[in-house]
2 protein chains.
Amino acid sequence: MTTAQRSTVQGTAVRDALAAQDGFRSAQDVYAQLRADGHKIGLSTVYRHLQAFTERGVADAIHNPDGETTYRFCGEAHTSHHHHLVCRSCGRAEEVEGRAVERWAEEIATKYGFTAVNHTLEVFGICPACVSVGPESDAAPVG
Amino acid sequence: MTTAQRSTVQGTAVRDALAAQDGFRSAQDVYAQLRADGHKIGLSTVYRHLQAFTERGVADAIHNPDGETTYRFCGEAHTSHHHHLVCRSCGRAEEVEGRAVERWAEEIATKYGFTAVNHTLEVFGICPACVSVGPESDAAPVG
DNA sequence: GTATTTGCAAATCGTTTGCGGCTTG
DNA sequence: CAAGCCGCAAACGATTTGCAAATAC
């Protein structure tokens, strides 16, 4: 269970690529980015690392409204539960806590007798930077 | 815009099938159900109707944690924004309102200067009925 | 030296679309 | 009769997996 994986060039590359961006990116995005940067890496490898990161808490993963899975680097592994305010235009995201929401979720769950509860919550919008640039930005479409 | 579509046997069948279930179902589920009931219908037709229902507000659509799109009949078209407490085991769902959450979402959005905000929020758990039955129910897996 | 990781290509999976044929109004 | 549906099969895009070659420790 204490699977400590080997450190490989590709693994590092994927992490760096993800860390270099401050927004949520799809696996395909990261892959394209890496190739563009001249890296010799396979798409499957990117997927594998991204998923591994998510499991280890090194990255957050969320589904955008279109159903694609997007990942975001999280620095030190942190298990604390949180949500995001994601820019639909550039993918940038603010990490936000929602004590109120967590409480609310628990309340209604209890009210209806539901157990083993968990929830999904993401807020999407257009960040200030993208608004001023106009509705035609394109950095990293997340919606 | 006021596109009134024709009433067809299949359209009715899909609506009935969806209405017959009180939980969220995937298109494939509904399709299988219909075929099982002896209906002669195509998968694409099911998809087309389900999407149409969603657009008309006759059905709610949400993505389950696995990324699949699931639909649920909503009776009279209602545009009011709401969320769901969905049973991960049988798909049954309670329609819940989250004034507090809406407010919270708006607050943080404003705080960070985000505009054109919207959010996704669903709560998943195990309903009382499924708990008493044991962790082996199977009605309509939603997660 | 050997277990792990990589990468390619093929396989899945859910969903969408093209299009001739059938229905509805 | 004409505008819309239907359904099948092919197309699709994202993600997964099989497996032999490459690599890390």
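Everything numeric here is computed off the predicted structure, so don't read it as measured data. Protein chains get the first letters and strands the later ones, always in sequence-line order, with residue 1 at the start of each.
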Donor-acceptor pair, [X] side chain versus [Y] backbone, under 3.5 Å?
X: Asn64(B); Y: Asp66(B); result: yes
X: Arg15(A); Y: Leu50(A); result: no
X: Arg35(A); Y: Ile41(A); result: yes

Rounded to the nearest angstrom, tell me the gap between atom [atom1] in [X] and atom [atom2] in [N].
X: Gln28(A); N: dT16(D); atom1: CD; atom2: C1'; answer: 12 Å
X: Arg25(A); N: dA14(D); atom1: CZ; atom2: P; answer: 15 Å
X: His63(A); N: dT15(D); atom1: NE2; atom2: C1'; answer: 11 Å
X: Gln51(B); N: dG14(C); atom1: CD; atom2: P; answer: 15 Å
X: Ile62(A); N: dA14(D); atom1: CD1; atom2: P; answer: 17 Å
X: Arg35(A); N: dT6(C); atom1: CZ; atom2: C1'; answer: 12 Å
X: Glu55(B); N: dT16(C); atom1: CD; atom2: P; answer: 11 Å
X: Asn64(B); N: dC13(C); atom1: CG; atom2: C1'; answer: 13 Å

Query raised in the report: Residues two or more places apart in sequence or in another chain: which of them pass side chain to side chain donor-acceptor pair (under 3.5 Å) with Glu97(A)?
Result: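 Here the qualifying residues are Arg99(A).
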
Query raised in the report: Base, sugar-phosphate alone, or nothing: which one does Ser26(A) contact when heavy atoms must sit under 4.0 Å apart?
Result: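 No contact.
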
Query raised in the report: Which part of the nucleic acid does Gly67(B) contact within heavy-atom distance under 4.0 Å: base, sugar-phosphate only, or nothing?
Result: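 Nothing, no nucleic acid heavy atom in range.
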
Requested in this report: Taking the six-membered ring for Trp and the single ring otherwise, decide whether the centroids of Phe24(A) and His84(A) are under 6.0 Å apart.
Outcome: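 Yes, ring centres under 6.0 Å apart.
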
Report task. Please find out if less than 6.0 Å separates the ring center of His83(A) from that of His119(B). Result ->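 Ring-ring flag for His83(A)/His119(B): false, centres at least 6.0 Å apart.
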
Report task. Could you pull out the closest heavy-atom pair between Tyr47(A) and Ala27(A), with the gap in Å? Result ->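 Answer, listing the atom of Tyr47(A) first, then Ala27(A): CE2-CB, 3.4 Å.
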
Requested in this report: Give, ordered by number, those residues of residues 40-50 of chain B having at least one heavy-atom distance below 4.0 Å to an atom of DNA chain D; if nothing qualifies, reply none.
Outcome: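 Going residue by residue through residues 40-50 of chain B, the ones with a heavy atom under 4.0 Å of DNA chain D turn out to be Lys40(B), Ile41(B), Gly42(B), Ser44(B), Thr45(B), Arg48(B), His49(B).
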
**Report entry** All side-chain contact (heavy atoms from CB on, under 4.5 Å) counterparts of Glu55(B), not counting sequence neighbours
**Finding:**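 Result, side-chain contact (heavy atoms from CB on, under 4.5 Å) vs Glu55(B): none returned.
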
Query raised in the report: Under 4.0 Å: is that the gap between some side-chain N or O of Gln10(B) and OP1 or OP2 of dG7(D)?
Result: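 For dG7(D), OP1/OP2 do have a side-chain N/O of Gln10(B) under 4.0 Å.
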
Requested in this report: Considering only Ile, Leu, Val, Met, Phe, Trp and Tyr, and joining two whenever side-chain heavy atoms are under 4.5 Å apart, list the other residues clustered with Val9(B).
Outcome: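 Cluster partners of Val9(B): none, it stands alone.
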
Report summary line: Counting primed atoms, P, OP1 and OP2 as sugar-phosphate and everything else as base, the B/S/- map of nucleotides 20-25 of chain D against protein heavy atoms under 4.0 Å is ---BBS

Query - Gap between atom CD of Gln33(A) and atom CD of Gln28(A) - 0.5 Å precision - result: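 Between Gln28(A) CD and Gln33(A) CD, I get 14.0 Å after rounding to 0.5 Å.
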
Requested in this report: Rounded to the nearest 0.5 Å, what's the gap from OG1 on Thr70(A) to CD on Glu122(A)? Could you check?
Outcome: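 Separation between the atoms: 8.0 Å.
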
Query raised in the report: For the helix from dG1(C)-dC25(D) to dG25(C)-dC1(D), how many degrees between its two end axes (five pairs per end), to the nearest 10°?
Result: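 The angle separating the two end axes equals 30°.
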
